[in-house]
Number of protein chains: 2
Amino acid sequence: MPDSYRRLGQMIKSLRGSGRRITPQRLAVLKILAASKDHPGVEMIYRQVKKDFPTTSLATVYKTVTLLRELQEVLELGFADQGSRYDGNRPSPHPHVICTKCGSIVDSQFSQMKELAREMTQETGFEITHHRLDFFGLCPKCRSS
Amino acid sequence: MPDSYRRLGQMIKSLRGSGRRITPQRLAVLKILAASKDHPGVEMIYRQVKKDFPTTSLATVYKTVTLLRELQEVLELGFADQGSRYDGNRPSPHPHVICTKCGSIVDSQFSQMKELAREMTQETGFEITHHRLDFFGLCPKCRSS
DNA sequence: ATATGTGCAAATGGTTTGCAGTGAG
DNA sequence: CTCACTGCAAACCATTTGCACATAT
């Protein structure tokens, strides 16, 4: 997966560039975020990291993802009624499709958000900085069961 | 405001229709939701209701808005990092524009979501049931200050 | 050497819940 | 007269924070 390697490198560069250190625990979190396409939550990352570093704490995972979010190296999908999920492959806002039954999240290719944002500025006078678009429904698997 | 009257009537009908009772506290919440265009949060509703019914509890407000959400008489805008906001004027999903500085929320007229949802079904195989589209940025007032 | 990171436990804050008493229908 | 609703306090749960110790650079 050359793509996830590039992302991992970019994350490390960002951290180093802002004076942060690359600890083993942190690196483990970065690798998971750079590689996984299923938008893991903190708990899932935590479980994975503990396989290699059993003493890792949940707080450390939280601190790392928060850091990456601030550096815009990860896209956080926060939900009001459940834990946040993270997209480490595409850190810039893009639409997601979310299964309300099994919780799976998939990326969408739809890319006309820039235009929409411009329309919104026209309509409302806001200076738009970012956006969020989620579709909810049943994934193919859950549809047929 | 004949429009908010219609909404209020609809809310009451929904509640009655599902075997619920119209208490004074509840009615006060309904009125606020039907009338306000600024997407109030629970705390704001609570403060308003207490003016007329000082003994009202926050829990009652929560229970009422949850009920209305379930009956689809109110659109809940949940956020991961702050309290939810409620739209009692347009209960079906529609885009919102949110000021990241002052927290104001305005509705948008953009209405091509149906088409987009169809595209998403094509692209992902999901059966889309609803969606959420938020734009974030600075409102005109906050832009110039 | 020296800040930054870790891990633990306690705190936070929005929301929910259990339950005894109240009141809408 | 009955069952849903209210109000209070306690419980919940994801996330954050304080702090002593450890460690990347």
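Below, read A as the first sequence line, B as the second, and so on, with proteins coming before strands; counting in each chain starts at 1.
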Exercise for the section: Kindly confirm or rule out a cation-pi arrangement of Arg26(B) over Phe53(B), judged by NZ or CZ under 6.0 Å from the six-membered ring centre and within 45° of its axis? Expected result: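 The answer is no, since Arg26(B) fails at least one limit relative to Phe53(B).
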
How long is the line joining [atom1] of [X] and [atom2] of [N], in whole Å?
X: Leu67(A); N: dT16(D); atom1: CG; atom2: P; value: 12 Å
X: Arg26(B); N: dT6(D); atom1: CZ; atom2: C1'; value: 9 Å
X: Leu15(A); N: dT25(D); atom1: CG; atom2: P; value: 11 Å
X: Met44(A); N: dA14(D); atom1: CE; atom2: P; value: 13 Å
X: Asp81(A); N: dC13(D); atom1: CG; atom2: C1'; value: 12 Å
X: Lys50(B); N: dT6(D); atom1: NZ; atom2: P; value: 15 Å

Problem - 5′-ward residue of the pair Thr55(B)/Gly19(B) relative to DNA chain D - result: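 Per heavy-atom nearest nucleotide, the more 5' residue is Gly19(B).
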
Handout entry: Modelled atom types, side-chain donor and acceptor of His96(A) and Asp107(A), under 3.5 Å
Key =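 There is such a pair between these side chains.
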
Practice task
Summarise protein proximity over nucleotides 15-25 of chain C in one line of letters, 5' to 3': B for base, S for sugar-phosphate only, - for none, counting protein heavy atoms closer than 4.0 Å.
Solution key: BBBB----BBS

Exercise for the section: Establish, with yes or no, whether the OP1 or OP2 oxygen of dC5(D) is under 4.0 angstrom from a side-chain nitrogen or oxygen of Thr60(B). Expected result: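 No.
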
Exercise for the section: Can you measure from CZ (Phe126(A)) to NZ (Lys141(B)) and round to the nearest 0.5 angstrom? Expected result: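 It is 10.5 Å, given to the nearest 0.5 Å.
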
Practice task
Is it possible for you to say whether Val106(B) and Leu77(B) belong to one hydrophobic cluster, with membership spreading through side-chain heavy-atom contacts below 4.5 Å?
Solution key: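 The answer is no; the residues belong to distinct hydrophobic clusters.
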
Handout entry: Gln112(B) CD: over 12 foreign heavy atoms closer than 6.0 Å
Key =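 Yes, because the 6.0 Å sphere around CD of Gln112(B) holds more than 12 heavy atoms from other groups.
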
Handout entry: Check: Glu43(B) and Leu58(B) side chains under 4.5 Å, non-hydrogen atoms
Key =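 Yes, their side chains come closer than 4.5 Å.
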
